[in-house]
Number of protein chains: 2
Amino acid sequence: MPDPHASAFERHDHAGCRHDVLAAVEREARERGLRLTPVRRRTLEILLEEHRAMGAYDVLERLAKDGFGAQPPVAYRALDFLVDHGFAHRIRRLNAFAACMHPDHSHAPVFLICTGCNAVAEAPGEQVREALDATARSLGFAVERSNIEAVGLCPTCAPE
Amino acid sequence: MPDPHASAFERHDHAGCRHDVLAAVEREARERGLRLTPVRRRTLEILLEEHRAMGAYDVLERLAKDGFGAQPPVAYRALDFLVDHGFAHRIRRLNAFAACMHPDHSHAPVFLICTGCNAVAEAPGEQVREALDATARSLGFAVERSNIEAVGLCPTCAPE
DNA sequence: TCCGTTCGTGTTATACTATTACATATCATT
DNA sequence: AATGATATGTAATAGTATAACACGAACGGA
Ligand SMILES: [Zn+2]
Ligand SMILES: [Zn+2]
Ligand SMILES: [Zn+2]
Ligand SMILES: [Zn+2]
């Protein structure tokens, strides 16, 4: 059983991680009455296979190869579905999408983007969001959603 | 003299705020040996006049009216210059740019975007970035740059 | 089961955002 | 004045995202 807390920066059993996440999403979708249709499921699989942030057009290309529609809305709609329900995340800095690694519980992570290897890891966002909320509150601003993304070097790519 | 700490959400002497920021940028540019050329200066003025986040093409349209080049690189280059030197910020969530309100000292603010009135305020980012750094460090990740943006309601637009 | 509604998919077309490549002009130095 | 570095302008193109509409499958009530 793979470590459910392994970050993208650590070596991990990737096949297992893929399988587990997909299973969790299927369970969640069933419980929440969401329709994980073939395109949507395949879109998630593609994100999981790559295990990195992908642009909508990269995803679209793969979907088209698999016999789904070849026009942008096909990919965008599936990706929007996944993002809306917490099964994927959108990384604005990269104009890209990545499968959520913890789809079983609602969360709002921060993203760490390595400029060395292009890996994108989800890190726990609670502390950061607490600080952000406090800062916003002091200006009378009520935060609804936020995106927090950092660019830098992961442990593997960092100089010794 | 306008309050230099007034946020975009508070009533403030906007003409004064514009003037002060522009003066500060001129001083900074002189001291740092940067060339605040006519396009660059006009681009900053446009951002300051609107006092909101603007898309590159909105800026370009205004520049063209003022007799500058009408092709995208004209706007993007001027905006990149301003961003690179801390005289403007890029808000990724909006694919937009906003003049920096505190160009005299290097800083990395968080952005608060009101969905009611489209105002964008810079809030102090130290606390939040500290939390982000700590979170990243615990994964062995070294943050170089980050963008932290929140969407929500400003005090004026919030329900009573 | 039939009907009407909602939801999902596919397609065409278009809008919006950003960069590459190259020619010309300006500036700073020598 | 000659040089090299910087800045501007233009044309062309690449990359990202949405609007609008037709069709059909899924769902729910009569
Ligand atoms: Zn996640
Ligand atoms: Zn790396
Ligand atoms: Zn600023
Ligand atoms: Zn507002």
inquiry  = Determine whether A:H89 and A:H107 satisfy the following criterion, side chain to side chain contact (heavy atoms under 4.5 Å, CB included), listing intermediate values before the conclusion.
reply    = CA-CA 11 Å; A:H89 298 291; A:H107 68 147; 3.3 Å; yes
Measure the distance from [atom1] on [X] to [atom2] on [N] and round it to the nearest whole Å.
X: A:R90; N: D:dT18; atom1: CZ; atom2: C1'; value: 11 Å
X: A:Y76; N: D:dT16; atom1: OH; atom2: P; value: 7 Å
X: A:L79; N: D:dT18; atom1: CG; atom2: C1'; value: 14 Å
X: B:L63; N: D:dA7; atom1: CG; atom2: P; value: 17 Å
X: A:L60; N: D:dG15; atom1: CG; atom2: P; value: 14 Å
X: A:D58; N: D:dG15; atom1: CG; atom2: P; value: 10 Å
X: A:D80; N: D:dT18; atom1: CG; atom2: P; value: 7 Å
X: B:L36; N: D:dA7; atom1: CG; atom2: C1'; value: 13 Å

note = Of B:R77 and B:F97, the one whose closest nucleotide on DNA chain C sits nearer the 5' end is B:F97
ask   = On a plain distance test, is the side chain of A:Y57 in donor-acceptor contact with the base of D:dA17 below 3.5 Å?
value =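 Between D:dA17 and A:Y57, which were checked side chain against base, a qualifying N/O pair under 3.5 Å is present.
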request  = Using a heavy-atom cut-off of under 4.0 Å over every strand shown, decide if B:R92 touches base, sugar-phosphate, or nothing.
outcome  =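 No contact.
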task = Enter the distance from A:R90:CZ to A:D84:CG here, rounded to the nearest 0.5 Å.
result = 10.0 Å
request  = State which of D:dA17, D:dA26, D:dA7 makes the closest approach to the side chain of A:P72.
outcome  =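 Minimum distance to the A:P72 side chain belongs to D:dA17.
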B:Q71 side-chain proximity, nearest of D:dA7, D:dT18, D:dA11 = D:dA11
Within 6.0 Å of CD in A:Q127, more than 12 heavy atoms from elsewhere = no
request  = Provide the start and end nucleotides, 5' to 3', of the part of DNA chain C that has atoms under 4.0 Å from heavy atoms of chain B.
outcome  = C:dT17 to C:dC27
